[in-house]
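Encoded as structure tokens, the structure appears first; notes follow it.
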Amino acid sequence: MKVLVVLDHPYTIASAQNVPHQRSFSAAVAAAAIRGARSAGHQVDLIDLAADGFQPALVFPVWWEAMPAATKGFLDRVLTKGVMYEELPGARGNPFRNRMTSLGGVSVLSVMTTPDKAYRWWYRDPLTKILFKGTFAKIGVQNLRWTNYASVTAKTPQQRARMLRQTEQAFAGL
């Protein structure tokens with residue numbers, strides 16, 4: 001299987017190692033997913049938006065309960081009508097059809113300082129509404145999975161290590 005990992009963190013994948021003042025748990029989660037998928041024999045491609053110098057022109061500039069601008073810009077540029085999906089004239093209900101017929105699913109891994117219950121109850125899961133309902137499900141992609149690493153600043157090093165092992169195992173099981 002082919003797996004595409006998109007990392008959107010200013011420190012890049014190089015910050016996956018636990019080096020003080022040069023580390024990112026988001027990058028560590030991405031690295032764990034890559035290791036897991038590769039250990040299962042999958043072909044993995046990494047798009048590291050910051051390392052690639054991706055410029056998210058024409059998108060909102062803040063993260064506020066959604067996603068970083070580079071991720072939104074990436075989706076806006078990549079998920080294009082006529083290439084990734086088509087619009088069906090006169091269709092009732094959802095007028096879109098997925099053209100990515102070999103895409104087996106989408107896994108979203110999010111890292112946040114917000115507690116999980118607050119994000120799900122108070123904010124009503126804006127990330128899944130945007131990415132799943134408003135983007136992938138709308139264009140017909142199935143098998144949508146979300147893993148949220150919430151309250152990461154309150155986690156112990158052991159808890160973070162366990163989360164990374166679980167990520168690696170999940171992607172090894174793809």
Side-chain angles (χ1 to χ4, degrees), residues 1-10 24-30 32-34 36-37 42 44-50 52 54-153 163 166-171 173-174:
M1 174 189 311
K2 294 181 180 179
V3 174
L4 174 64
V5 174
V6 179
L7 174 63
D8 187 4
H9 194 281
S24 159
F25 195 69
S26 296
V29 167
I34 291 167
H42 302 305
V44 179
D45 287 323
L46 169 67
I47 295 177
D48 188 333
L49 296 175
D52 294 344
F54 182 80
Q55 296 299 315
L58 305 174
V59 297
F60 59 90
V62 295
W63 300 25
W64 300 107
E65 306 313 324
M67 67 188 86
T71 303
K72 178 69 168 82
F74 174 79
L75 294 173
D76 289 346
R77 287 189 180 179
V78 172
L79 298 177
T80 56
K81 183 166 71 170
V83 176
M84 304 306 250
Y85 70 94
E86 59 188 341
E87 192 166 0
L88 306 172
R92 294 184 181 186
N94 186 0
F96 304 114
R97 177 181 298 145
N98 180 10
R99 295 186 74 189
M100 301 175 286
T101 56
S102 63
L103 179 61
V106 172
S107 296
V108 173
L109 308 175
S110 57
V111 176
M112 62 181 65
T113 58
T114 305
D116 190 65
K117 288 182 181 178
Y119 191 78
R120 292 176 190 269
W121 181 79
W122 182 257
Y123 297 111
R124 308 266 194 253
D125 285 341
L127 184 66
T128 58
K129 287 179 184 171
I130 294 167
L131 283 175
F132 291 168
K133 292 179 183 176
T135 304
F136 292 111
K138 184 183 266 183
I139 62 174
V141 176
Q142 298 182 9
N143 299 321
L144 305 172
R145 294 170 299 279
W146 179 39
T147 303
N148 186 27
Y149 302 93
S151 302
V152 293
T153 54
M163 291 169 15
Q166 289 169 341
T167 299
E168 192 169 336
Q169 291 168 356
F171 276 75
L174 289 178

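These numbers come from a predicted model, not from an experiment.
- Considering only heavy atoms from C-beta on, Ser110 stays 4.5 Å or farther from Tyr119 through its side chain.
- When side chains are defined from C-beta on, Leu75 counts as touching Met67, because their heavy atoms get closer than 4.5 Å.
- In summary, of the residues considered (Val3, Val5, Val6), a side-chain contact (heavy atoms from CB on, under 4.5 Å) with Leu46 occurs for Val5 alone.
- For Ala28, the side-chain contact (heavy atoms from CB on, under 4.5 Å) test picks out Phe25, Leu164, with sequence neighbours left out.
- Interatomic distance, His42 NE2 to Leu174 CG, rounded to the nearest 0.5 Å: 5.0 Å.
- Scanning for side-chain contact (heavy atoms from CB on, under 4.5 Å) contacts around Thr147 gives Leu109, Tyr149, with sequence neighbours left out.
- The shortest side-chain heavy-atom distance between Thr114 and Tyr123 falls under the 4.5 Å cut-off.
- Take Ser26 and apply the side chain to side chain donor-acceptor pair (under 3.5 Å) test, not counting sequence neighbours, and it matches no residue.
- Among all heavy-atom pairs drawn from Phe171 and Ala33, the shortest one is CB-O, 3.2 Å.
- Remark: side-chain polar atoms of His9 are not paired, donor with acceptor, to backbone N or O of Ser24 under 3.5 angstrom.
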Show the atom names and distances, to 0.1 Å, of all donor-acceptor pairs under 3.5 Å that link a side chain in residues 126-142 to residues at least two apart or in another chain.
from	atom 1	to	atom 2	distance (Å)
Thr128	OG1	Asp125	O	3.1
Lys129	NZ	Arg124	O	3.1
Thr135	OG1	Ile130	O	2.7

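- Across all non-hydrogen atoms, the minimal contact from Leu79 to Met84 is CA-CG, 3.8 Å.
- Note on residues 86-96: pairs passing side-chain hydrogen bond (donor to acceptor under 3.5 Å, both in side chains), not counting sequence neighbours, are Lys81-Glu87, Glu86-Arg97.
- Not counting sequence neighbours, the partners of Tyr85 by the ring pair (Phe, Tyr, Trp, His ring centres under 6.0 Å) test are Phe96.
- Here the closest non-hydrogen pair linking Ser151 and Pro115 is OG-CA, 3.1 Å.
- Side chain of Asn143 to main chain of Gly104: a donor-acceptor pair is present (N/O by atom type, distance under 3.5 Å, no hydrogens or angles).
- To the nearest 0.5 Å, the span separating CG on Leu7 from CG on Leu49 amounts to 7.0 Å.
- Nearest heavy atoms, Ala70 versus Phe54: O-CE2, 3.3 Å.
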